[in-house]
Amino acid sequence: MFCITLAIWWISEDRHRCKNFPPRAPRLPILGNILNITSQLKIPALAMAKLAKIYGDVMYVKMGMNEAVVFSSHEAAKEIFNCDQANDRVVAGFVRDRNLNQNMAINWGNGEVWQVLRRFTIRTLRNFGFGKTASMDVVINEELIKFLEHFDEILKRSQNNNENLVITTQLNEFVRISKTGEDISTSFPFLRDWFPEWTGRNRQSKCIQKLCGFFREVVNEHRSSDSYATDPQSFLDAFLAKIDETPSDSMFNDEQLVYTMLDLFQAGADTSSNSLTFALLYLTLYPEKQAKVHEELDAVLSKDDLITAEMKSKLPYCTATLLETLRFCSIAPFVANREAVEDFKLRNYTIKKGTAIMINLQAMHYDEAVWGDPHVFRPERFLTENGRVDKAKAELMVSFGGGRRVCLGQSLAETTMLMYFTTFFRHFKLQRLNADEEKIAPSAVPDLGIVYSPRPFEAKVIRRK
Ligand code: HEM
């Protein structure tokens, strides 16, 4: 009797809800489409891309208790990126905990808080040279000199001990333990309340407390200097000055500052470092591509040249390799989920207020109709016949999202990646170990998480003459 009632309720509720909704894959009671996704492929974004081939580039899915409309093609993404009713982030699960149930900062902030803090952050960072290649070059080159010294030391140590170098990332504990998509508590959020230890909720909270504690200390240090308002030396100083000049109930306050810093570090650190490590991984796996990178660097740079972002136009193969890395690894497979802030129409479909909006960036990077052989690592796809970067192809990349929420750090990330990548390969060569020496083989299969990470791997690092 219970099962029959449940079935009748399910069918009627489902019919009622799906009037004018985007097409949807058949789903099971309670689980929804979870099995469609998990039973097909190990990578949820690619499994969703496969479903989208059947049900459409705008389709409706249900993952446990969460309902979402998934956008999987460039055309569909363009429509939703430009849709003001879909600019809010979903604040649930680990995001709600992280935000202490409040509207906080940029990445996970909404409405006026997001708009004002995003605008202030971009303007202030620009005043400090962010986005201007000449000033970013200087800062990044200073870092690079330290990086080379540090890397040489590690290399010497490992060679003295006769060890192979293990290359690894995952600096950010929070990213490592927040495996959205793979994690059942994303689909059934109540599990986080019932089993906070098992779902990782407690570890996430501790991690955020630690990070916020660290940022609060830095904020206090800066506040104790007399000159933060008269002679601001950093984004943090400028924010503190803004706090002083605005009313105490404004969104410029210490907690928003701490969370804005958290956003910049969380959104900026793992994305850039993991993407670069993916580049090292792929060039270890595909030595013939690495040889072309070396050939270009040797032809373009003389011995003492400092690498600058301006050189990008002279380094088309390196640029194409980084574009192919971003496409192949699709480090952020989905943009952080958005939410419909009111009912709206899109392509004659009704999208109901509160529905989650998932934009599947990896589906676009792996669309066979666009790329032909998306599962092959081939930087040449981004080059024209005369060896220049193919701008039309480059514009099909969506690694940084789009619309008004587009990644705030795109130009910094692109410049940093180019400069680190070219500096590394100018000085070093990566070589795969022989099968009998290799304990941790390089694999192109990523570790899942809020952003993907390359799995640790061993490689031989050789200093180039
Ligand atoms: C390879 C490096 C990076 C990748 C692939 C990447 C990717 C992304 C993506 C996909 C989004 C979501 C966009 C959307 O919702 O449409 C995003 C947002 C964001 N990114 Fe990045 N990002 C990178 C580096 C950085 C860096 C270096 C910073 C900071 C300096 C940064 C700061 C942010 C912030 C603050 C947001 C939230 C923007 C908003 O909600 O308004 N990112 N990023």
Side-chain angles (χ1 to χ4, degrees), residues 45 71 76-84 86-91 95 98-99 103-122 124-126 128-131 136 139-140 143 169 171-172 175 180 234-235 256 259-279 322-339 356-365 397-421 446 449-454:
F71 293 76
K78 229 179 259 163
E79 288 173 64
I80 199 69
F81 278 146
N82 292 319
C83 177
D84 278 341
N87 266 336
D88 270 14
R89 296 270 188 231
V90 174
V91 180
V95 179
R98 189 206 92 125
N99 277 10
N103 191 2
M104 292 305 246
I106 306 173
N107 201 4
W108 306 104
N110 284 328
E112 207 191 340
V113 167
W114 161 67
Q115 269 175 22
V116 172
L117 291 178
R118 181 179 164 111
R119 212 178 306 131
F120 174 83
T121 302
I122 292 176
T124 309
L125 289 176
R126 246 186 226 143
F128 285 108
F130 183 91
M136 288 199 295
V139 179
I140 299 171
E143 273 180 22
T169 56
L171 308 169
N172 185 342
V175 167
T180 37
S234 62
F235 171 76
Q256 291 290 6
Y259 273 78
T260 303
M261 288 166 70
L262 189 63
D263 273 352
L264 294 176
F265 279 89
Q266 283 198 314
D270 289 87
T271 43
S272 306
S273 79
N274 288 10
S275 303
L276 268 168
T277 316
F278 271 118
L322 285 174
L323 283 165
E324 180 67 345
T325 297
L326 286 172
R327 185 196 69 78
F328 205 59
C329 74
S330 287
I331 184 153
F334 293 96
V335 307
N337 285 355
R338 316 259 188 103
E339 183 174 69
I357 308 282
M358 297 176 76
I359 307 175
N360 190 344
L361 304 179
Q362 192 171 11
M364 289 168 237
H365 290 160
M397 290 295 294
V398 284
S399 318
F400 297 94
R404 293 175 67 205
R405 281 265 182 189
V406 69
C407 173
L408 182 152
Q410 179 168 356
S411 64
L412 177 66
E414 286 173 343
T415 308
T416 314
M417 280 181 65
L418 180 78
M419 290 176 70
Y420 266 84
F421 176 85
I450 314 178
V451 292
Y452 292 158
S453 322

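Both ligands and their constituent atoms are indexed starting at 1 by order of listing.
The shortest separation from a heavy atom of Glu414 to ligand 1 is not under 4.0 Å, leaving the residue out of contact. Judged by the shortest distance from any of its heavy atoms, Trp114 lies inside the 4.0 Å radius around the atoms of ligand 1. Asp263 does not count as a contact of ligand 1, since none of its heavy atoms falls under 4.0 Å from the ligand. Residue contact annotation: Ser272 has a non-hydrogen atom under 4.0 Å from ligand 1. Every heavy atom of Gln410 sits 4.0 Å or more from the atoms of ligand 1.
With values rounded to the nearest 0.5 angstrom, Leu361 atom CG is found 7.5 Å from Ser399 atom OG. Within the model, atoms CD1 of Ile80 and CD1 of Ile359 stand 6.0 Å from one another, a figure rounded to the nearest 0.5 Å. Interatomic distance, Leu276 CG to Phe421 CZ, rounded to the nearest 0.5 Å: 8.5 Å. In this structure, the separation between CD1 on Ile140 and OH on Tyr420 is 8.0 Å, given to the nearest 0.5 Å.
The N/O atoms of Arg338, backbone and side chain alike, include one that comes under 3.5 Å of an N/O atom in ligand 1. Between Arg118 and ligand 1, at least one N/O pair is under 3.5 Å apart.
Remark: the backbone N or O of Ala45 is paired with a side-chain donor or acceptor of Asn360 at under 3.5 angstrom. Side chain of Arg327 to backbone of Met397: no donor-acceptor contact under 3.5 angstrom is found. No side-chain donor-acceptor contact under 3.5 Å links Arg118 to the backbone of Ile106. Remark: the backbone N or O of Trp108 is paired with a side-chain donor or acceptor of Asn99 at under 3.5 angstrom. Without hydrogens or angle criteria, Glu339 side chain to Ala356 main chain gives no donor-acceptor distance under 3.5 Å. Asn110 places no side-chain N or O within 3.5 Å of a backbone atom of Asn103 that could act as its donor or acceptor partner.
The single protein non-hydrogen atom nearest to atom 32 (C) of ligand 1 is Ala267 CB, 3.5 Å, given as residue, atom name and distance. Counting only heavy atoms of the protein, atom 30 (C) of ligand 1 lies nearest to Leu412 CD2, 4.0 Å. Among all non-hydrogen protein atoms, the one lying nearest atom 23 (C) of ligand 1 is Thr271 OG1, 3.4 Å. Scanning the protein for heavy atoms near atom 12 (C) of ligand 1, the closest one is Arg89 NH2, 3.9 Å. With hydrogens left out, the protein atom closest to atom 4 (C) of ligand 1 is Phe400 CE2, 3.5 Å, a heavy atom. Scanning the protein heavy atoms around atom 27 (C) of ligand 1, the nearest turns out to be Gly268 CA, 3.6 Å. Among protein heavy atoms, the minimum distance from atom 36 (C) of ligand 1 is reached at Asn107 OD1, 4.0 Å. Taking atom 22 (N) of ligand 1 as the reference point, the nearest protein heavy-atom neighbour is Cys407 SG, 3.1 Å.
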How far apart are the C-alpha atoms of Arg89 and Val95, what are their side-chain angles, what is the distance that settles it, and do they pass the side chain to side chain contact (heavy atoms under 4.5 Å, CB included) test?
-> CA-CA 10 Å; Arg89 296 270 188 231; Val95 179; over 6 Å; no

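The option from Ser411, Gly403, Ser399 that lies nearest to atom 10 (C) of ligand 1, judged by heavy atoms, is Ser399.
Scanning all heavy atoms of the two residues, the minimum distance from Gly401 to Val406 falls at O-CG2, 3.8 Å.
The side-chain tip of Arg404 does not point at the ring of Trp114 from less than 6.0 angstrom away and within 45° of straight on.
Close contacts between ligand 1 and Ile331 involve ligand atoms 5 (C) [criterion: under 4.0 Å to a heavy atom]. Taking every non-hydrogen atom of Ile106 and a distance limit under 4.0 Å, the qualifying atoms of ligand 1 come out as 39 (C), 40 (O), 41 (O). Interface atoms of ligand 1 facing Gly402, defined by a heavy-atom separation under 4.0 Å, are 16 (O). Within ligand 1, the atoms closer than 4.0 Å to a non-hydrogen atom of Ala413 are 2 (C), 24 (C), numbered from 1 in the order shown. Those atoms of ligand 1 with a heavy atom of Ser275 less than 4.0 angstrom away are 1 (C).
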